[in-house]
There are 2 protein chains.
Amino acid sequence: MVTLEDVARQAGVSLATASRVLNGSTRQVGASLRAKVELAAAELGYRTNVAAQTLARGASNVIGLVVHDLTDPYFAAIADGAMRVAESQGLMVMIGTTHRDPQREIAYVSTLNAQRVRAVLLVGSRVTDPEMTRRLRTELDQYRESGGRVACVGQNLLGVDTVVPDNRLGAAELARALAGLGHRNFAILAGPDWLIAPRDRVEGFGAALEELGLPAPRVLHGSFDREGGYAAATQVSGVTCVFAVNDVMAVGALASFRDRGIRVPEDVSVAGFDDIFTLRDLVPSLSTVRLPLADMGVRALELALDPSGESRTEIVTGEVILRESTRGLG
Amino acid sequence: MVTLEDVARQAGVSLATASRVLNGSTRQVGASLRAKVELAAAELGYRTNVAAQTLARGASNVIGLVVHDLTDPYFAAIADGAMRVAESQGLMVMIGTTHRDPQREIAYVSTLNAQRVRAVLLVGSRVTDPEMTRRLRTELDQYRESGGRVACVGQNLLGVDTVVPDNRLGAAELARALAGLGHRNFAILAGPDWLIAPRDRVEGFGAALEELGLPAPRVLHGSFDREGGYAAATQVSGVTCVFAVNDVMAVGALASFRDRGIRVPEDVSVAGFDDIFTLRDLVPSLSTVRLPLADMGVRALELALDPSGESRTEIVTGEVILRESTRGLG
DNA sequence: CTGTTAGCGCTTTCAG
DNA sequence: CTGAAAGCGCTAACAG
């Protein structure tokens, strides 16, 4: 393992000088020494020991990213956005997937704290369990006390900068658009109640329906993924329109209806939420509420990296997009 | 920032003792002292400084993962597999996306080397450019000389442990299956020629056709993504069957045909490669060659972490799956 | 079982 | 502009 000292010796300069040329220092170094050091470093194949650097500097160049599930395109898109800004700033990203287990999220924050990452990004819906939220907050507070920065994509429950998709509003507008199509009787394919995002979508949708004087929707719960959508959809009957609280659940619903010989949109309309890019070529194409996923990741990391604020909330509104999976009734 | 020393002082023990209880040491510590240390650590909210630990130990607990594109479900699936084994071993993963730029791949290896990660996983097709391969190899060799472990998912061109999907064989078997359906005239929606995986698939498919005495397929090049598939498909005519070298290109092709009023599979059959999970509910469902993606990620990291080998090659064979997007011509 | 102590490799005052 | 030296926080002999 070649160290800075080896380089300094070979170049015939001091450790300090070698450090100054090889690592971004504000201090200037004379051209000839600089050249010598660079040559020596190249010859020896020197690679900075980042651990030593981090220890000496008291600050690392990595950011932590905690997501629920990387194979869910929702998270992949947000992560991609965040990673692009990380890369543009010369930061590495350390990633953890919780598989929707709040405890794991807490554990990751602790680990990332130990890593002394520059910032941590928590991506994904918060949970309703106040105890979990409290413990996570405690962990985050401790991390922040030691100078860590935190941002969240989800709901502002952690006292940190947050990018929050307006789930209630998006769902409400979707409900109004669907009602505008003539639908009166709805079913909602809801996610688990302990996740706030799907719950908000259910509530927003229901509230809008109520405002319009329409019958309350039938709410069917399932897991927040394709299987959950499939399972919940099997219980649907007697409605003209189904709202799945996210696109992957909607895909499950589509499959379920297909298996039951129910045509979409002829027999029943289906709408989702998120506008997952990978699903754009679905047939029938999915009506949904578009969220600027990659952008949310970008903004979240920007917030985390920008020291000039504290617990800022940036609301992102979704855009209703009606495609083939929903049809007008009359 | 509370340090081990603070904990030791508060607990009234030596630094060494505190270290032994708080960090996995083989050495035993008496129950009463152990309790004192744990109490002190909890009271103070102590968090190990991993950078210091890494420096002192000379070994880190993170692995590096380099993929082309995280929003491509192919990579997300493999990454997920690798991350699961990392998690099970208490390792964190640092991730980098190259967006298919070989130079970035080299740069990431260099950075990960600087981070002194325990192992690095290179996921994705190698390129044909020998100069790039050479430079990457040089960088990897340097990393390995200093004790780093490397594994690759793709082709064994780097002299490291590699999980290689048998692209030629998979494509050949697909060709035979399709020919078995009665198809004689094929077009291939090929990826860029500088990527080995798509090139191998084209060759394997073509070779099988030749063996069967069938006319050579028309090869249409496009980028290795949905857009590339769409674009290449617009030039298809006069064939009964189209082979897109991966599923996302096949999805593009499906969209293209739909836009042109060409029915699949009635007018033309379409097959892909990879069997992307997210696309399982496509209509028509896609015929393809299934690769055990998550598993490949698992095995690759296992290889990297298992010191008992050197440049092992583990071949993964795909399984032809015929679904609705291809039909028999008999 | 417990404590002392010498580093790990790099950064950063502080002098010159 | 350059060098000497004091740590950063933790681990791992080595001694007791």
Side-chain angles (χ1 to χ4, degrees), chain A residues 1-38 40-41 44-62 111 113-118 143 146-148, chain B residues 1-38 40-41 44-62 111 113-118 143 146-148:
Chain A
M1 199 70 268
V2 17
T3 71
L4 229 207
E5 191 167 0
D6 299 331
V7 174
R9 190 178 316 119
Q10 161 122 348
V13 302
S14 74
L15 227 200
T17 297
S19 170
R20 296 199 262 255
V21 0
L22 262 14
N23 306 85
S25 165
T26 45
R27 312 291 297 270
Q28 290 304 300
V29 171
S32 75
L33 287 195
R34 149 167 262 106
K36 278 187 194 166
V37 172
E38 277 162 351
L44 266 31
Y46 170 73
R47 287 287 175 281
T48 303
N49 182 325
V50 176
Q53 197 170 57
T54 298
L55 180 57
R57 292 220 252 247
S60 84
N61 268 306
V62 358
T111 302
N113 186 351
Q115 299 278 353
R116 300 294 189 274
V117 297
R118 229 225 228 349
Y143 169 60
S146 56
Chain B
M1 200 67 274
V2 15
T3 71
L4 229 208
E5 191 168 0
D6 298 331
V7 175
R9 190 178 315 119
Q10 161 121 348
V13 302
S14 74
L15 226 202
T17 297
S19 171
R20 297 198 262 254
V21 1
L22 262 12
N23 307 85
S25 164
T26 45
R27 313 292 296 269
Q28 290 303 303
V29 171
S32 77
L33 286 196
R34 149 167 262 106
K36 276 187 193 164
V37 172
E38 277 163 351
L44 265 32
Y46 170 74
R47 287 290 174 279
T48 302
N49 181 327
V50 177
Q53 198 170 57
T54 298
L55 181 57
R57 290 221 252 246
S60 85
N61 268 306
V62 359
T111 302
N113 187 351
Q115 300 276 354
R116 299 295 188 274
V117 297
R118 225 224 231 349
Y143 168 62
S146 56

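Within every chain, numbering begins at 1; the chains are lettered A, B, ... in the order of the sequence lines, protein sequences first and strands thereafter. All heavy atoms count here, side chains included; hydrogens, waters and symmetry mates do not. Just so you know, these numbers come straight off a predicted model, no measurement behind them.
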Roughly, in whole Å, what's the span from [atom1] in [X] to [atom2] in [N]?
X	N	atom1	atom2	answer
B:Arg20	D:dA12	CZ	P	11 Å
A:Arg9	D:dG3	CZ	C1'	16 Å
B:Leu22	D:dG9	CG	P	15 Å

Given C:dT4, is OP1 or OP2 found less than 4.0 Å from the side-chain N or O atoms of B:Ser14?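 For B:Ser14, the contact criterion (side-chain N or O under 4.0 Å from OP1 or OP2 of C:dT4) is not met.
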Output field dot_bracket for DNA chain D (Watson-Crick or G-U, both distances under 3.5 Å, | for other-strand pairs) contains ||||||||||||||||
With sequence neighbours excluded, residues passing side-chain hydrogen bond (donor to acceptor under 3.5 Å, both in side chains) with A:Ser60: none
Which is true for B:Gly30 with a 4.0 Å heavy-atom rule: it touches a base, it touches only sugar-phosphate, or it touches nothing?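 Sugar-phosphate, no base atom in range.
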Taking the side chain as every heavy atom from C-beta outward, state whether [X] and [Y] have any atom pair closer than 4.5 Å.
X	Y	answer
A:Asn49	B:Arg116	yes
A:Leu4	A:Leu22	yes
B:Gln53	B:Asn23	yes
B:Arg118	B:Val62	no

Please identify each residue that fulfils side chain to side chain contact (heavy atoms under 4.5 Å, CB included) with A:Ala16, with sequence neighbours left out. A:Ser14, A:Arg20
Under the rule for side chain to side chain contact (heavy atoms under 4.5 Å, CB included), what residues qualify as partners of B:Ala11, not counting sequence neighbours?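 Side chain to side chain contact (heavy atoms under 4.5 Å, CB included) list for B:Ala11, sorted by chain: B:Val13, B:Lys36, B:Val37, B:Ala40.
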Using the test salt bridge (charged side-chain N to carboxylate O under 4.0 Å, His left out), find all partners of A:Arg47 that sit at least two apart in sequence or belong to another chain. B:Glu139
Between the protein and nucleotides 7-10 of chain C, list every N/O to N/O distance that falls short of 3.5 Å.
| from | atom 1 | to | atom 2 | distance (Å) |
| --- | --- | --- | --- | --- |
| C:dC8 | O2 | B:Ala56 | N | 3.4 |
| C:dG9 | N2 | A:Ala52 | O | 3.4 |
| C:dC10 | OP1 | A:Tyr46 | OH | 2.4 |
| C:dC10 | OP1 | A:Asn49 | N | 3.4 |
| C:dC10 | OP2 | A:Leu4 | N | 2.4 |

